[in-house]
Amino acid sequence: MKFTEQHEWLRVEDDLVVVGITDHAAEQLGDVVFVDLPEEGTTVSKDDEVVVIESVKAASDILAPLDGEIVEVNQALTETPAKVNEDPTGDGWFFKMKIEDLSALDEFMDEAAYQAFID
Amino acid sequence: MGGVRDAAMHARIRPGEWVAMSGLLRTALYDLHLELGAKMVPFAGYEMPVQYGLGVMKEHLHCRVRAGLFDVSHMGQVSLRPKSGMVEHAAIALEHLVPVDLVGLKLGRQRYAMFTNDAGGILDDLMVARRCDDLFLVVNAACKAEDLAHLHAAIGCDCDIVELTDRALLALQGPEAAAVLETVAPGVSDMRFMDVAIIDTADGPLWVSRSGYTGEDGFEISVPAERAEALARQLLAHEAVEAIGLGARDSLRLEAGLCLYGHDIDTGTSPVEADLAWAIQKARRTGGAREGGFPGAARILAELATGAARQRVGLRPEGRAPMREGTALFAAETGGDPVGTVTSGGFGPSVGVPVSMAYVPVDLALEGAKLWGEVRGKRLPAEIVRLPFRPSTYKR
C-alpha cells in the first residue's frame, strides 16, 4: 500500500488503483455523514477534486492522486457514509482508477514513510 | 478547501474567533478536559474542548438519550446589583437595553433576552434571572467585554455591574440530567423550565437554573471555580453522564432551532427577523405598560406590527449533502440572484439528515416551500420546515 501527503492510501487490485483515506485522516475528519462521489467513467488529472467528504465538523475533498479514469466508485458510501470511519482502509474505499503506468505509484510513500510523515 | 488534512481547521468556529494558542484563557476545568482526552481548540479567547473520545456524533446522541456535561465557563456571568437595593430598579434599568419584560419577571425565574442597538440589530443574546438582591446575567463569551462596557455606560449609575470571574458554569443536559443532579443538589427535580434557585449541597450552595441550549431538559449550574472540578467529577461519576464538547453543543442547539450569536443573529439581524418575537412580551410592545424604551424600538415595534422583510427559517436539504453557513439560496433551480443565505447548517445526528437555518424574504418563508442551495457550484433542493427540527423536551 502507498500513501499520499493528502492522507490517501493507494492499493493495486486487478491492475486498478483503489483509493481511500487513511485511519489517521478518518480520525481527524470525525464522523462522516455524506460522500459525494464522481461519475464512473470520468477522466481526471492529478490533483483534481474528485470526492467531497462531509463530516459532522466540515467539508473536505479528496484529490485525484494521478492522471487516469475513474472506473468504479464505492456506491455503498452513498447510503452508509459511516463506513469511512468504521473501515477506512477496507470497506470505506472511495474509487478505483485506471492509470497508464502502475510504476507511477513508486513515487508515493510506503507505510513507514507515511507513519514518519504524520508523527 | 485543501484536502483532508485541513479538516480540523474547518470546524464550525468563525475565523475571527481564532486567536493564537498562546495567551488563551483556561477555565477551571482545563486539567480535567485534558485528563478526559479532549481535543482543545481556541474559542472566543479560551482553550475549550471541541470533542472528547466519543466524537461529535456519539456525544450528541448520548446527550439526547442520557445526559451530557458541558463546560460553559467561558460565558460571562454578571451580577447587576441595584444601588437602591431594590431589584425592581435593576429590572427597570436593564429594560432600557433589552426589549424584554423584566419588571414582570418573577423572583426565581429567568428569561431569554437580547441587547439591541439603535438600528434594531442584536448586540448579544443572554439569559436574565431575577434573584433576591440582583439580576443574574449569562452572556456570550465572545461578546462579554462589549456587553460589560455597554452596561457600564448605559446603566452604571443605577447598578453596580459585577463580572463574576471567580465562578465556573457547567451545563448538565438530557433526559437523565434531573435524576443525576438531584443526587448532588436535592430539590432540583422540583424546578420547572426557566426556574432559578440557590440549592444547598454538602459542599456549599450552587446557583442552578433549569435551562440550557440543547433543546433537552437540563440545568445550568454556576459554581465557585475552586469547587468546579469536584462537582464535574461527581456528575461524571454517574454512568449516565458523558462529557460533551463544543462540536456537539453546536449540533444539539442547531437541531433545537436555537440561534448562535455571530452566526444566526448579529448586529445586522433584528429580533423579529430572527423569529425571536416570542421573547418580546406584551408589556414592551405597542400598547403595553412599558411600550418601547429600548434601543431600536422604532424598527422593532414596526416589524412586530407589520412584519419584517425577511425571516429566519428552518431548511431541510433534500439529499444528504449538508448546506453549511454561507450557502447561497435561490428561488429557482437555474438563474436569478440569491434570495437568502444559510446562517447555520450541518448534519443533525438525532434527526439523521442535514439541517440548516437561513434568512429568506418573508414571501418565500412558507412551510413546505422549495428553495435551492448552491453547494460546490450545484443547486440542490431544500424545503422550508418548521423549527425546531426536533421537539424540545423542557419541563414546563
Side-chain angles (χ1 to χ4, degrees), chain A residues 3-10 19-39 46-65 75-86 88-89 92 94 109 114 117-119, chain B residues 1-13 15 37 39 41 50-62 244-252 254-255 317-327 342 345-356 375-378 380:
Chain A
F3 299 87
T4 73
E5 292 189 355
Q6 277 72 45
H7 305 281
E8 293 149 286
W9 54 260
L10 315 174
V19 180
I21 59 168
T22 64
D23 293 306
H24 172 76
E27 197 191 316
Q28 292 294 313
L29 275 173
D31 305 289
V32 173
V33 296
F34 172 71
V35 180
D36 196 5
L37 295 162
E39 299 269 328
K46 181 177 163 63
D47 292 341
D48 282 356
E49 292 173 10
V50 285
V51 176
V52 176
I53 312 172
E54 296 262 9
S55 76
V56 283
K57 295 179 201 160
S60 316
D61 40 45
I62 298 289
L63 309 182
Q75 298 289 0
L77 298 185
T78 309
E79 278 308 305
T80 323
K83 281 183 194 288
V84 178
N85 299 106
E86 287 156 10
T89 54
F94 289 107
M109 292 178 276
Y114 178 67
F117 174 69
I118 58 176
D119 283 343
Chain B
M1 284 191 280
V4 177
R5 67 179 147 185
D6 295 335
M9 298 299 289
H10 285 107
R12 271 191 39 83
I13 292 167
K39 183 168 161 189
V41 299
V50 69
Q51 65 174 80
Y52 300 85
L54 283 182
V56 175
M57 184 92 88
K58 290 198 181 82
E59 288 172 25
H60 176 118
L61 295 170
H62 185 90
I244 312 290
L246 291 180
R249 182 169 167 82
D250 190 44
S251 55
L252 287 158
L254 173 59
E255 279 184 346
E318 267 182 28
R320 290 188 67 91
M323 291 182 187
R324 297 188 189 270
E325 181 174 3
T327 301
V342 170
F347 185 77
S350 298
V351 292
V353 293
V355 289
S356 300
V375 180
R376 293 179 283 275
K378 276 184 270 182
L380 305 176

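Each chain gets a letter, A, B and so on, in the order the sequences are listed, and its residues count up from 1. Quick caveat: nothing in here was measured; it's all calculated off a predicted structure.
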At what distance, to the nearest 0.5 angstrom, does NZ of B:Lys39 lie from CD of A:Gln28? 5.0 Å
Might you work through the side chain to side chain contact (heavy atoms under 4.5 Å, CB included) test for A:Asp36 and B:Lys378, ending with a clear yes or no? CA-CA 12 Å; A:Asp36 196 5; B:Lys378 276 184 270 182; 3.7 Å; yes
Nearest heavy-atom neighbours spanning [X] and [Y]:
X: B:Arg320; Y: A:Thr78; result: CD-O, 3.5 Å
X: B:Pro322; Y: A:Val33; result: CG-CG2, 4.3 Å
X: B:Val56; Y: A:Asp31; result: N-OD2, 3.9 Å

Which region of A:Thr22, side chain (C-beta onward) or backbone (N, CA, C, O), has a non-hydrogen atom less than 4.5 Å from a non-hydrogen atom of chain B, or is it both or neither? neither
A quick test of your reading: do over 12 heavy atoms of other residues, nucleotides or ligands sit less than 6.0 Å from CD of B:Glu318? yes
With sequence neighbours excluded, residues passing ring-ring contact (aromatic ring centres under 6.0 Å, His included) with A:Phe34: none
Do the charged groups of A:Glu49 and B:Arg376 touch, with an N to O distance under 4.0 Å? no
